[in-house]
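All values reported here derive from a predicted model rather than from experimental measurement.
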Amino acid sequence: MLEIRNLRATIEGNEILHGLNLTVKAGEVHAIMGPNGSGKSTLARVIAGSEDYEVTGGEVLFDGENILELEADERARRGIFMAFQYPVEIPGVGNTYFLRQALNAVRKERGLDELSGKEFLELAREKARLVELPEELMKRSVNVGFSGGEKKRNEIFQMAVLEPRFSILDETDSGLDIDALRVVASGVNKLRGADRAIVVVTHYQRLLQHIVPDVVHVLVDGRIVKTGDKDLAEHLEEVGYAWVDGELKAAQAAQA
Amino acid sequence: MTQTLTKAARFADLLDKSRATLANEPAWLAERRARAAESFAELGLPTTRHEDWRYTSLARLEDAELVPAADNAKASPATLALAEYAGLDAVLLVFVDGHYRAEYSRAAALPAGVVLKSLAAAIRDGSPLVAEKLGRLTKPERHSFTALAEATFRDGFLLHVPDGVEVATPIHVAFLSSDTAAGVAASARNLIVLGAGAQATLIETHAGLGAGLHLKNVVTEIRAAVGARLDRIVLQRESPEAVHVSTTHVYQERESLVRSHTIDLGGALVRHNLVGDLDGEACEAIFNGLYVLRGTQSVDNFMWVEHRKENIPSHELYKGVLADKASAVFTGRIYVHPEAQKTDAKQTNQNLLLSDSARANARPQLEIYADDVKCTHGATIGQLDAAAQFYLESRGIDPRTARNMLVKAFANDIVERLEVEPVREAVEALLDQRLAEMS
């Protein structure tokens, strides 16, 4: 479904991703783990189409199409979704209004009829229950006055409404207490499906106890340096990223 | 030098022609007009060398050959439609090129004692209220456009709500420009007198469709006695080449409340002078505005608020959206007199620039002579929040729709405060239309 080939990306002239490769198949859940500054968020935001980054090389193929040539909104309408690490507050734009606009834009692309206000509300209510998002929050401005946990739940709520085929969750676990983590994870698990793929980006193994990945990658210094199954996450938790650093240096030394 | 004389001569011509059409006026008014004409001759039009006009040039007016408006210009159905708000049940007074037109107006029952009529008619009828109050707040000897209005106005409206009377029906006054308004200078004088405890809701529409430069110059005096309450909405959607100048003086007594919202969408060059004279303890003034401009439109809001007594809150929130080469000026002067302890003055001007060529100037000016006061002012000039824009787009919303959602959210801050629902809905629809037209 998603294939990243030798992706290089810079921000303000500094290269963050140094030739990253990743293949995610339909139905799979991948985890990308890595220390701070390794390029996890950059990867998520480059896939989503943030203009803060400049892609200097490589390709991101989604169903065989290089999405790097598409604008962020076009990618989203194709079925790509990023749950933001820091969801943006937008005063004056109602959560419900915003999401209905978004869903109808996505539906239009898929050749489906737009939903009326009433139809949308019914759908939204059902999906809000999935992440236990209080209905009252849907009436507020986008993310305004939401707690940290509510913002993260709102991201998964949006994902549930938009039903993207490929989702990348950028540190959705950060700032969540254990109960909120369980709610968010259970929401994500319900969105798993044979035609969907999810990439969970995280610093800690904690979330992966609730969202069990098929594949785990370790991202260090803008490259994926190790790939394994869910046991890799546990191993990493025990030995820490220093171990990966050591492996990386050893690998570089061997190359040189 | 020759050029200067020519410009002065042009306005002298306007004043002469105007004088020729004014006859049988009471002596007090004829004298005042003569003095005002002298003042105007002395003052001339302000130039950008004048501190209060630094960012707004009237050059286009100096080069125009303006004539007084005919009193029978036809208003087309499309023009008259500008005076309609779907679902608004209001009394309607229509003026075309500054002349009251009964045939386009619509009466409705008002409480006993309330006077709402053409000012010219009130003067003809020898209204003692007009003789006593008209011009008490204005300063034609110092302000060109006030002098011009005093010397040349033909009409305007008088609203008098006696003590204790609440007018539930909204009052709508529409100043329309005819399709043949090109080259016309129309001045109007309005007088609004609210007695103690009186209440009224006033909507003023300034609109036109015709091509060509014309000048609409409106001077309004508002007096709110003890405990009076006025809700006022001004919607300005003049034609693309119109020059619109308004001067509004608000005089407030104890515990009165005046809420004034001005929405600017039209005109080529617009200047609003708004003077608040807050002269009673615990009165409250709320002066808000919104301008959404494109092309080379410019709007200049010049506010002057004087706190003369204790315990007065005054709040001004002006928000602007500027596309293309549009420009806006906001000058907000708050003057707190030594007696005005416990003043709570807050002034905010926020501008959203949608293009690199749009310009905004904000000039807050505080003069405070009391020591126990809270005065704040803030001005921002910025662009759309890129993070918010990306967030919306990342959910599939196209860039233009995302921009419009953010702009509307910004403008809604003012729009949602318009308390007359049909007018609020009309403004929302006009904003949508304006945003759809913006590249």
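No more than 12 heavy atoms of other residues, nucleotides or ligands lie within 6.0 Å of CD in A:Glu51, so this atom counts as exposed by the packing criterion. The local environment of NZ in B:Lys408 is crowded, with over 12 non-hydrogen atoms from other residues, nucleotides or ligands closer than 6.0 Å. The number of heavy atoms from other shown groups lying within 6.0 Å of CD (A:Glu12) does not exceed 12. The environment of B:Gln383 atom CD is sparse: at most 12 non-hydrogen atoms of other residues, nucleotides or ligands sit within 6.0 angstrom. The neighbour count for B:Arg417 CZ, taken as heavy atoms of other residues, nucleotides or ligands under 6.0 Å away, is above 12. No more than 12 heavy atoms of other residues, nucleotides or ligands lie within 6.0 Å of OH in A:Tyr86, so this atom counts as exposed by the packing criterion. By the 6.0 Å contact criterion, CG on A:Asn66 is enclosed, its count of non-hydrogen atoms from other residues, nucleotides or ligands being greater than 12.
We find the CD-CZ distance between A:Gln158 and B:Arg395 to be 4.5 Å, quoted to the nearest 0.5 Å. Interatomic distance, B:Thr401 OG1 to A:Asn104 CG, rounded to the nearest 0.5 Å: 11.5 Å. The OG atom of B:Ser394 lies 3.5 Å from the CZ atom of A:Phe84; values are rounded to the nearest 0.5 Å. Note that CZ of B:Arg400 is 13.5 Å distant from CG of A:Asp73, once rounded to the nearest 0.5 Å. With rounding to the nearest 0.5 Å, the separation of CD in A:Glu89 from CG in B:Asp385 is 10.5 Å.
For B:Lys374, the side chain to side chain contact (heavy atoms under 4.5 Å, CB included) partners two or more places apart in sequence, or in a different chain, are B:Asp344.
The two atoms that bring B:Gly396 and A:Arg77 nearest to each other are O-NH1, 3.0 Å, heavy atoms only. Minimum interatomic distance between B:Leu392 and A:Ile90 (heavy atoms only, all atoms of both residues): CD2-CD1, 3.7 Å. Nearest heavy-atom pair, B:Ile397 versus A:Ala102, reported as atom, atom and distance to 0.1 Å: CG1-CA, 3.8 Å.
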Under the criterion side chain to side chain contact (heavy atoms under 4.5 Å, CB included), I'd like the reasoning laid out for A:Phe98 against B:Met405: C-alpha separation, chi angles, the key distance, then a yes or no.
CA-CA 8 Å; A:Phe98 148 65; B:Met405 284 169 78; 4.0 Å; yes

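In this structure, chain B has no heavy atom under 4.5 Å from any part of A:Pro164. In this structure, the portion of A:Val106 lying under 4.5 Å from any heavy atom of chain B is its side chain and not its backbone.
Counting heavy-atom pairs closer than 4.5 Å to chain B, the top-ranked of the candidates A:Ser50, A:Pro87, A:Ser141 is A:Ser50. For the set B:Ala387, B:Ala386, B:Ala411, the entry with the most heavy-atom pairs within less than 4.5 Å of chain A is B:Ala387.
Inter-residue side-chain proximity for B:Tyr391 and A:Asn143 is flagged as met; some heavy-atom pair is nearer than 4.5 Å.
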